[in-house]
Amino acid sequence: MATNTQANIGFEKQIWDAACVLWGHIPAADYRKVIIGLIFLRYISDAFERRYQELVKEGDGFEDDPDAYLMDNIFFVPEEARWSTISSAAHTPEIGKVIDTAMRSIEAENKTLKGVLPTIYANPDLDKQVLGDVVDIFTNVDMGDAEQSKDLLGRTYEYCIAQFASFEGKDGGEFYTPASVVKTLVEILKPFSNCRVYDPCCGSGGMFVQSAKFIQAHSGNRGTISVYGQEANPDTWKMAKINMAIRGIDANFGPHQADTFTSDLHPQLKADFILANPPFNYHPWNQEKLLEDVRWKYGIPPAGNANYAWIQHMIHHLAPNGKIGLVLANGALSTQSSGEGDIRKRIIEADLIEGIVALPTQLFYSVTIPVTLWFISKNKKQKGKTVFIDARKMGYMVDRKHRDFAEEDIAKIANTFASFQEGTLEDEKGFCAVADLATIKNQDYILTPGRYVGIEEQQDDGEPFEEKMARLTSELSDMFAKSHELEEEIRRKLGVIGYEV
């Protein structure tokens with residue numbers, strides 16, 4: 001296979017396609033873990049090897065001192081876990097045991113990874129010849145310098161996560177938010193260096209990756225971001241830990257997976273930015289155990305839907321100038337059931353809702369229902385005003401089932417939001433509008449963007465109304481006649497074979 005890592009187009013797909021030799025040779029439930037584990041092992045070993053050679057050249061004898069690596073945010077890799085050891089055993093019957101031993105030894109030397117890495121490679125159901133072929137694939141990756149390898153394997157990890165989400169459908173959507181949706185959130189929120197970023201349902205950690213990328217792209221150091229996350233699913237929690245390790249992002253995900261509502265692992269945190277894609281319409285969520293919880297400042301969320309529990313949990317964790325960007329199912333915009341309308345009213349009257357962006361359908365792997373981006377700010381630039389953006393017609397179809405945003409779509413939405421914050425935005429019929437609190441009140445505190453942006457004006461085609469109606473009714477009459485002909489033809493053919501309709 002090609003090993004030119006300088007190319008930004010296609011390399012990730014080459015890795016994925018090559019790794020797909022495992023299809024049919026491994027239990028489906030383990031496939032994701034096998035590939036993700038190998039990506040991590042290849043990266044961590046390569047980063048260690050570069051630092052090892054630097055220490056050898058320095059000649060002070062620190063090359064076997066774990067502290068000499070940890071001080072540079074590099075995991076210490078014992079000899080039995082180094083890629084050279086693994087690759088040399090690729091085509092032996094013991095390759096599975098060798099990899100499992102490598103994983104355990106890395107965990108033993110690096111306590112932050114305890115219980116995180118997959119140890120399933122010795123599984124007798126995993127074809128060891130095929131596993132050796134996949135090890136060869138990763139051996140042949142030309143890693144280049146440190147930053148390139150970090151970005152390369154990071155991109156590969158992100159690409160593979162997206163592919164898993166696509167193949168796994170609904171289950172995959174639980175750990176993956178499409179990159180274009182995350183980019184839209186980040187481009188609007190604009191996180192800065194030395195900020196605290198939090199995701200209370202972090203999945204595989206995509207929100208943090210894009211935040212770090214944004215900071216680095218705007219002349220900041222992605223290592224200065226302080227990351228806090230929580231995840232209830234143990235496998236997904238491990239995926240997020242691995243993702244951060246590959247990216248070199250120091251993250252606090254707590255000592256274990258845990259439910260955010262019943263076991264908040266960051267109770268004292270006040271974050272500058274909160275980005276989240278909580279489970280849509282999640283229930284049950286143990287409301288009965290949390291009726292007196294301090295987080296429900298605007299009202300107790302109903303037991304049958306956690307949307308307003310997520311919103312209030314995030315508001316509770318905001319710093320005085322903090323901002324939230326989250327994804328919610330559209331029902332949260334207008335529901336009046338079980339007190340949700342009253343909670344929404346109180347949040348709006350507290351002047352916390354800065355913007356609402358309606359997204360097109362088919363962006364997510366897990367659901368096809370329409371969803372919305374909410375932007376909530378403790379200290380809005382435009383007091384008493386909210387911007388509504390209807391982006392339902394934006395994006396393009398990637399395939400028959402999935403839509404995505406192009407970079408220009410993301411830029412248009414972000415620039416529209418920025419213009420609103422600067423006070424220069426002009427309403428555009430069918431796309432964007434700014435509403436004050438009185439206007440929202442007149443709409444019964446419903447936040448559906450269509451109520452505010454209206455319908456875009458249709459371009460006049462120049463055809464007089466009377467002529468157009470005459471033409472359209474004539475065309476419709478012809479269609480009716482054709483349908484009757486087809487109906488009779490179907491009846492005749494069914495009659496020939498003995499069926500009457």
Side-chain angles (χ1 to χ4, degrees), residues 158-159 161-163 165-170 172-189 203 206-207 210 275-282 307 310-311 324-335 353-376 386-420 425 427-435 443 446-459:
E158 185 176 345
Y159 182 87
I161 290 293
Q163 295 303 309
S166 178
F167 278 102
E168 295 174 30
K170 182 178 184 299
E174 293 179 0
F175 61 77
Y176 179 75
T177 303
S180 63
V181 175
V182 182
K183 287 178 183 177
T184 304
L185 290 170
V186 170
E187 289 290 336
I188 289 176
L189 291 179
M207 300 291 184
Q210 292 299 336
L275 299 94
N277 174 24
F280 299 150
N281 306 318
Y282 177 56
N307 287 341
W310 286 116
I311 291 173
I324 298 170
L326 75 152
V327 186
L328 284 177
N330 277 7
L333 298 168
S334 58
T335 178
I353 307 297
E354 186 169 22
I356 300 289
V357 180
L359 297 182
T361 59
Q362 298 177 287
L363 283 174
F364 290 80
Y365 295 114
S366 54
V367 293
T368 57
I369 63 173
V371 299
T372 308
L373 302 183
W374 290 52
F375 294 92
I376 297 172
T386 298
V387 64
F388 294 89
I389 299 174
D390 190 342
R392 290 177 297 172
K393 294 183 179 180
M394 298 178 74
Y396 64 98
M397 295 303 294
V398 178
D399 53 41
R400 189 169 51 86
K401 295 181 179 180
H402 300 125
R403 180 181 294 273
D404 202 1
F405 277 152
E407 292 295 333
E408 53 265 30
D409 296 322
I410 297 172
K412 181 178 180 180
I413 295 170
N415 290 338
T416 300
F417 211 98
S419 295
F420 160 69
L425 182 66
D427 291 359
E428 181 181 332
K429 202 76 170 175
F431 177 64
C432 66
V434 177
Q443 291 291 336
I446 290 172
L447 296 176
T448 306
R451 289 194 173 215
Y452 302 93
V453 305
I455 302 173
E456 63 182 325
E457 297 180 0
Q458 299 296 316
Q459 186 174 2

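Sequence positions, counted from 1, serve as the residue numbers for this chain. Only heavy atoms go into these numbers, but all of them, side chains included; no hydrogens, no water, no symmetry mates.
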Report yes if the side chains of [X] and [Y] come closer than 4.5 Å at any heavy-atom pair, otherwise no.
| X | Y | result |
| --- | --- | --- |
| F375 | V387 | no |
| I353 | I376 | yes |
| F417 | C432 | no |
| H402 | Q362 | no |
| T416 | E428 | no |
| L328 | T372 | no |
| L373 | V181 | yes |

**Matching residue for W374 among I324, V357, N307, I311 - test: side-chain contact (heavy atoms from CB on, under 4.5 Å)** =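 Among I324, V357, N307, I311, the one that satisfies the side-chain contact (heavy atoms from CB on, under 4.5 Å) with W374 is I311.
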**Complete:** From the list N277, L326, V186, side-chain contact (heavy atoms from CB on, under 4.5 Å) partner of M207 resolves to N277
For [X] and [Y], which heavy atoms make the closest approach, and how far apart are they?
| X | Y | value |
| --- | --- | --- |
| P360 | A391 | CD-O, 3.3 Å |
| E187 | I410 | CG-CG2, 3.9 Å |
| D390 | R392 | OD2-NH2, 2.6 Å |
| L363 | P178 | O-CG, 3.0 Å |
| S334 | I446 | CB-CG2, 3.7 Å |

**Message:** Can a donor-acceptor pair be found, under 3.5 Å and without considering hydrogens, that links the side chain of D427 to the backbone of V453?
**Reply:**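 Looks like no, no N/O pair under 3.5 Å.
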**Message:** Test your reading of the model: is there a side-chain donor-acceptor pair from S180 to the backbone of D404, 3.5 Å cut-off?
**Reply:** no
Supply the atom-to-atom distance [X] [atom1] to [Y] [atom2], rounded to the nearest 0.5 angstrom.
| X | Y | atom1 | atom2 | value |
| --- | --- | --- | --- | --- |
| Y282 | W310 | OH | CH2 | 7.0 Å |
| R403 | M394 | CZ | CE | 11.0 Å |
| L189 | E354 | CG | CD | 8.5 Å |
| K412 | I389 | NZ | CD1 | 10.0 Å |

**Asked** side-chain contact (heavy atoms from CB on, under 4.5 Å) between V327 and L185: does it pass, once the steps are laid out?
**Response** CA-CA 9 Å; V327 186; L185 290 170; 4.3 Å; yes
**Message:** Ring-plane angle category for F388 and Y452, please: parallel below 30°, perpendicular beyond 60°, tilted otherwise.
**Reply:** parallel
**Request:** Test L333 against I356 for side-chain contact (heavy atoms from CB on, under 4.5 Å), laying out the working first.
**Result:** CA-CA 9 Å; L333 298 168; I356 300 289; 3.8 Å; yes
